[in-house]
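Notes follow the structure.
Labels below follow one simple rule: chain letters A, B, ... track the order of the sequence lines, proteins then strands, and each chain is numbered from 1. Keep in mind the model is a prediction, meaning the values are calculated, not measured.
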Amino acid sequence: GENVEQHPSTLSVQEGDSAVIKCTYSDSASNYFPWYKQELGKRPQLIIDIRSNVGEKKDQRIAVTLNKTAKHFSLHITETQPEDSAVYFCAASYPSAGAGSYQLTFGKGTKLSVIP
Amino acid sequence: DSGVTQTPKHLITATGQRVTLRCSPRSGDLSVYWYQQSLDQGLQFLIQYYNGEERAKGNILERFSAQQFPDLHSELNLSSLELGDSALYFCASARAGTSGDTQYFGPGTRLTVL
């Protein structure tokens, strides 16, 4: 099955600096890579995702890049703000065989702290 | 608000007991996923249902079981509870359960086993 490794496990940055979180996956057939943000005691929420036919996707201060050859993808947050402090999870899924056959494999998470 | 609801929000029980967690997916979503999140741990996939049928199993213990009903709500049953079962249990739903579908998470049920 799919295995997703995520680094670093903790990350502290000064407000205004950039933060980068990296993930690698094992199954070369994987084709969908979402990122979730989980604030303390809250539900995970999708913040951005990328599909394998795209190399980069950006949404305001966050961006995700995908390197299919190396089987890794990264989350970039620019101009970090205190409200970016949370745990971020990457995930991967391989092509489903039809409706109802898709699951996500999550990384172990990165705890991001933005220091004011 | 993701549109996914879970009850109860908190549950405190004793070792050896049995509990049932309930999840209602977003309107129109056919796929329901259950996850376990222990303290400072990631999201461990337990089981998936699609339109009433079990579709995939992850790291689910034999003491745990689940089902999805005709109205698409799902229940996760945990029995012979142990201290180590204390965790946040999330359910998530997705439209058709095909790759690329966004999984929307519910608010979770915090289970404490004493």
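Here the side chains of Leu61(B) and Asp85(B) are in contact, with some heavy-atom distance below 4.5 Å. A heavy-atom distance below 4.5 Å is not found between the side chains of Lys58(A) and His76(A). Counting heavy atoms from C-beta outward, Val32(B) and Leu72(B) have side chains that stay 4.5 Å or more apart. Between Tyr32(A) and Thr102(B), the closest side-chain pair of non-hydrogen atoms falls below 4.5 Å. For the pair Leu111(B)/Leu21(B), no side-chain contact is recorded, criterion being any heavy-atom separation below 4.5 Å from C-beta on. By the 4.5 Å heavy-atom criterion applied to side chains, Lys71(A) and Ser28(A) are counted as neighbours.
For the set Gly58(B), Ser2(B), Ala92(B), the entry with the most heavy-atom pairs within less than 4.5 Å of chain A is Ser2(B). Of the residues considered (Tyr104(B), Phe90(B), Phe45(B)), Phe90(B) shows the highest number of contacts with chain A, using heavy-atom pairs under 4.5 Å. Heavy-atom pairs under 4.5 Å with chain B were tallied for Leu104(A), Asp49(A), Val87(A), Leu46(A); the largest tally goes to Leu104(A).
At a 4.5 Å heavy-atom cutoff, Glu53(B) makes no contact with chain A through either its backbone or its side chain. Neither the backbone nor the side chain of Gln45(A) comes within contact range of chain B; no heavy atoms are under 4.5 Å apart. If you measure heavy-atom distances from Asp101(B) to chain A, the contacts under 4.5 Å come from both the backbone and the side chain. The contact between Leu43(B) and chain A is made by backbone and side chain atoms together, counting heavy-atom distances below 4.5 Å. Heavy atoms of Tyr35(B) lying under 4.5 Å from chain A belong exclusively to its side chain. Both the backbone and the side chain of Pro44(A) come within contact range of chain B, judged by heavy atoms closer than 4.5 Å.
Between Phe33(A) and Phe73(A), the two ring planes are tilted [angle within 30° to 60°].
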